[in-house]
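Every value quoted in this text rests on a predicted model; they were computed, and no experiment measured them. One-based numbering along the sequence shown. The figures here come from the full heavy-atom set of this structure, side chains too, leaving out hydrogens, waters and symmetry mates.
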Amino acid sequence: KEFLVEISGTTVTITCPLTEENINWMSTGVTPKKNERKYVIENYDSTPINVSCSSGDKKHHMYLNARVCTNCEELDALAVAGIITADLLITFGVLILVYYFSKDRKGRASPSAGSRPRGQKVQRPPPVPNPDYEPIRKGQREVYAGLESRGF
């Protein structure tokens, strides 16, 4: 059999596994007041202690190293599961809303002045050369040799 330990705030209640009437408790630092099956420690300060209970020739030992706090709230498993489920549902709801509203904005151009819609850069072909304004190439100077500047 094992000890039953219950913690509520700073109160620790230890139940001895022995079922006899007259139980003697021994503890390091604190001496129990009553010889009952339950040993209650008020204002426990989280320091480790050795606790033992005995009745006749039977004796049980326990090392108590429990963390207690004054402002703790006890939650059962159902409350924790509900909090986690609600958090996940809210997160997925926000994700769906963000996706829905950002999906419509992809095809719109920005309304700011002077901006042009950004699309893929399309390479334009080179301009068609105008035969009246061809550049002078090497070896073709004689074609243009008759053109001289006129002095006015």
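- Under the 30°/60° scheme for interplanar angles, the aromatic rings of Trp25 and Phe3 are found to be tilted.
- Counting only heavy atoms from C-beta outward, the side chains of Ser52 and Lys59 approach each other to under 4.5 Å.
- Formation of a donor-acceptor pair under 3.5 Å by the Ser55 side chain with backbone atoms of Asn22 is found in this model.
- Transitive grouping of hydrophobic side chains (ILVMFWY, heavy atoms separated by less than 4.5 Å) keeps Leu4 and Ile7 in distinct clusters.
- Side-chain contact between Glu6 and Thr11 is absent, with no heavy atoms from C-beta onward closer than 4.5 Å.
- Tyr100 and Ile90 fall into different hydrophobic clusters, where Ile, Leu, Val, Met, Phe, Trp and Tyr are joined by side-chain heavy atoms under 4.5 Å apart, directly or via other members.
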Show, in sequence, the C-alpha distance, side-chain angles and deciding distance for Val40 and Val12, and conclude whether the side-chain contact (heavy atoms from CB on, under 4.5 Å) test is met.
CA-CA 6 Å; Val40 179; Val12 178; over 6 Å; no
Are Ile49 and Tyr63 close enough, and set up right, to give a side-chain contact (heavy atoms from CB on, under 4.5 Å), and what steps lead you there?
CA-CA 6 Å; Ile49 59 171; Tyr63 178 73; over 6 Å; no
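- Side-chain N or O atoms of Ser46 include one that pairs as donor or acceptor with a backbone N or O of Val68 at under 3.5 Å.
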Verify side-chain contact (heavy atoms from CB on, under 4.5 Å) between Ile14 and Leu64, making sure each step is shown before the conclusion.
CA-CA 10 Å; Ile14 306 168; Leu64 179 66; 4.0 Å; yes
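- At least one side-chain heavy atom of Tyr39 sits less than 4.5 Å from a side-chain heavy atom of Val51.
- Atom OG1 of residue Thr15 and atom CZ of residue Arg37 lie 6.5 Å apart, to the nearest 0.5 angstrom.
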Kindly indicate, with the supporting measurements, whether the criterion side-chain contact (heavy atoms from CB on, under 4.5 Å) is fulfilled by Thr10 and Glu42.
CA-CA 7 Å; Thr10 58; Glu42 299 281 339; over 6 Å; no
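- Across all their heavy atoms, Leu18 and Cys53 have their closest contact at CD1-O, 4.1 Å.
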Identify every side-chain donor-acceptor pair in residues 76-85 under 3.5 Å, counting partners at least two apart or on other chains, and give the distances.
residue: Asp76; atom: OD1; partner: Ala79; partner atom: N; Å: 3.3
residue: Thr85; atom: OG1; partner: Ala81; partner atom: O; Å: 2.8

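- Between Tyr99 and Ser102, the closest heavy-atom pair is O-OG, 3.3 Å.
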